[in-house]
Amino acid sequence: MKKATLFITAFLMAGAMKAQDSVTLDIQLLPSKKYEQASVQNIQMDVEYGGGAQKMDMKISINGEINTKKETNGMIPVVMGTSMSMSMEMEGMPGNSNDVKMDMYGKVKKGEFVPVFDSIVAPDMPSQAKQLALEGVKDMLTKIDYPKKTLKIGETFVQDVPIDMPLGGGAVKINDKITYTLKKVESKKAYFDVVHNISMDGSLADGLSMKGSGNGTGKMVYDIDTKYPVVNNGEMSMDLDMEQGGMPMKMKMVTKVSQTTQVSNSK
């Protein structure tokens, strides 16, 4: 009897271990949940021009909270509150900082990840800036797409994230090709290695043009129960060639990103 019990136990353990060889990725916003997010970006820039060099450091901290309501007719109301602080220091110049707070209201379709926001509340922002922020977030979110598929250990999926960024009277086009590789599934979490391949091309005001490329690595942790990535970390390096008025400039940029999310039931 004891041998039979041991055999059954070993069989069940083997089955449990086998179940950890794959994960079904199905990222979505669930109803009646609170998503508390903390994100920090540290950006270091080295600029060379006219035989000289200059360093610049930038830090962007974002604390956000996404609250979802009960589903109605296949749609889930969403409120996203964001508090962002940005500081910059440049050699030979005084540092400066800026704080922004805003709440966006919208809905997400049941089973989907990307909400559609239709209104914004930001008392400290001019109306034009609020509209630009709303349109910018809507445009960015439509380009984030995660597949709904089952992955085995070692399998990958690729995400292309194109960004058109208005800047300085012109525009910058950025494309980040992100490859995710499933490394392990443990304690109801799936762990991915992440590789970035980045390209950038842009023309700004006053004849400033730029072209560059870069790469990076990172980690993503997907929580199976809440169907949401709870960790997104990475470090990216980029080399940019710029020119203004016939004067060439070079920039090396290193960006470190850390983002965590805690998911709980909303009150």
Side-chain angles (χ1 to χ4, degrees), residues 23-43 58-72 75-87 97-125 130 133-134 136-146 148 159 161 163 176 178 180 185-192 194 218-236 255-267:
V23 65
T24 298
L25 193 69
D26 185 15
I27 297 177
Q28 57 181 278
L29 288 176
L30 299 175
S32 302
K33 295 291 184 183
K34 179 168 68 173
Y35 301 80
E36 297 175 277
Q37 298 180 327
S39 173
V40 177
Q41 294 184 42
N42 287 293
I43 305 169
M58 182 184 298
K59 182 177 181 179
I60 302 173
S61 299
I62 301 175
N63 290 312
E65 186 173 295
I66 300 173
N67 284 281
T68 60
K69 307 298 182 182
K70 292 182 179 179
E71 172 205 342
T72 304
M75 301 298 293
I76 303 170
V78 178
V79 180
M80 183 175 76
T82 303
S83 176
M84 182 174 68
S85 176
M86 183 174 68
S87 61
S97 61
N98 190 29
D99 297 326
V100 175
K101 291 184 178 181
M102 58 186 177
D103 294 325
M104 291 188 178
Y105 298 82
K107 293 181 180 180
V108 64
K109 189 176 180 180
K110 179 185 176 181
E112 294 189 359
F113 168 66
V114 178
V116 176
F117 293 106
D118 51 29
S119 63
I120 180 174
V121 174
D124 297 328
M125 292 176 65
K130 286 192 288 188
L134 181 62
V137 169
K138 289 168 65 174
D139 181 64
M140 180 181 66
L141 289 176
T142 59
K143 295 170 181 175
I144 299 176
D145 182 33
Y146 289 98
K148 295 188 177 184
Q159 184 184 61
V161 183
I163 300 172
D176 190 358
I178 312 172
Y180 299 82
V185 183
E186 188 175 275
S187 301
K188 294 193 174 182
K189 288 183 173 60
Y191 295 80
F192 291 84
V194 182
K219 304 285 184 182
M220 183 181 82
V221 180
Y222 170 71
D223 185 271
I224 297 170
D225 285 345
T226 62
K227 299 181 180 293
Y228 203 84
V230 293
V231 174
N232 263 309
N233 296 331
E235 181 172 336
M236 285 76 75
T255 302
K256 295 181 181 180
V257 180
S258 174
Q259 179 176 304
T260 58
T261 302
Q262 291 185 339
V263 185
S264 60
N265 294 326
S266 60
K267 296 179 180 181

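Pairing each heavy atom of Y180 with each of Q159, the nearest pair is OH-OE1, 3.0 Å. Considering every non-hydrogen atom in both P115 and L141, the closest pair reads O-CD1, 4.0 Å. Nearest heavy atoms, M104 versus L134: CE-CA, 3.9 Å. For M220 against N232, the heavy-atom pair with the smallest separation is CG-OD1, 3.4 Å. Here the closest heavy-atom approach between residue K189 and residue I224 is recorded as N-CD1, 4.0 Å. Residue A133 comes nearest to M125 through the heavy atom pair CB-CE, 4.0 Å, listed as atom of the first residue, atom of the second, then distance.
To the nearest 0.5 angstrom, K148 atom NZ is 10.0 Å from I27 atom CD1. Here the OG-NZ distance, from S32 to K70, works out to 6.5 Å after rounding to the nearest 0.5 Å. Put simply, NZ on K59 and OG on S61 are 4.5 Å apart, with the number rounded to the nearest 0.5 Å. Taken from CG in L29 to CG in N67, the straight-line distance is 11.0 Å, to the nearest 0.5 Å. Atom CD of E36 sits about 11.0 Å away from atom CD1 of I66, to the nearest 0.5 Å. Taken from OG1 in T226 to NZ in K188, the straight-line distance is 11.0 Å, to the nearest 0.5 Å.
Remark: side-chain polar atoms of T68 are paired, donor with acceptor, to backbone N or O of L30 under 3.5 angstrom.
The aromatic rings of Y35 and Y228 lie tilted to each other, with the angle between the two planes from 30° to 60°.
Using modelled atom types and a 3.5 Å distance limit, the side chains of Y191 and E186 yield no donor-acceptor pair.
Around the NZ atom of K101, the shell of radius 6.0 Å holds no more than 12 heavy atoms that belong to other residues, nucleotides or ligands. Other residues, nucleotides and ligands contribute only 12 or fewer heavy atoms inside 6.0 Å of the NZ atom of K110.
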Exercise for review: Could you walk me through whether N265 and K33 pass side-chain hydrogen bond (donor to acceptor under 3.5 Å, both in side chains), step by step?
Suggested key: CA-CA 5 Å; N265 294 326; K33 295 291 184 183; 2.6 Å; yes
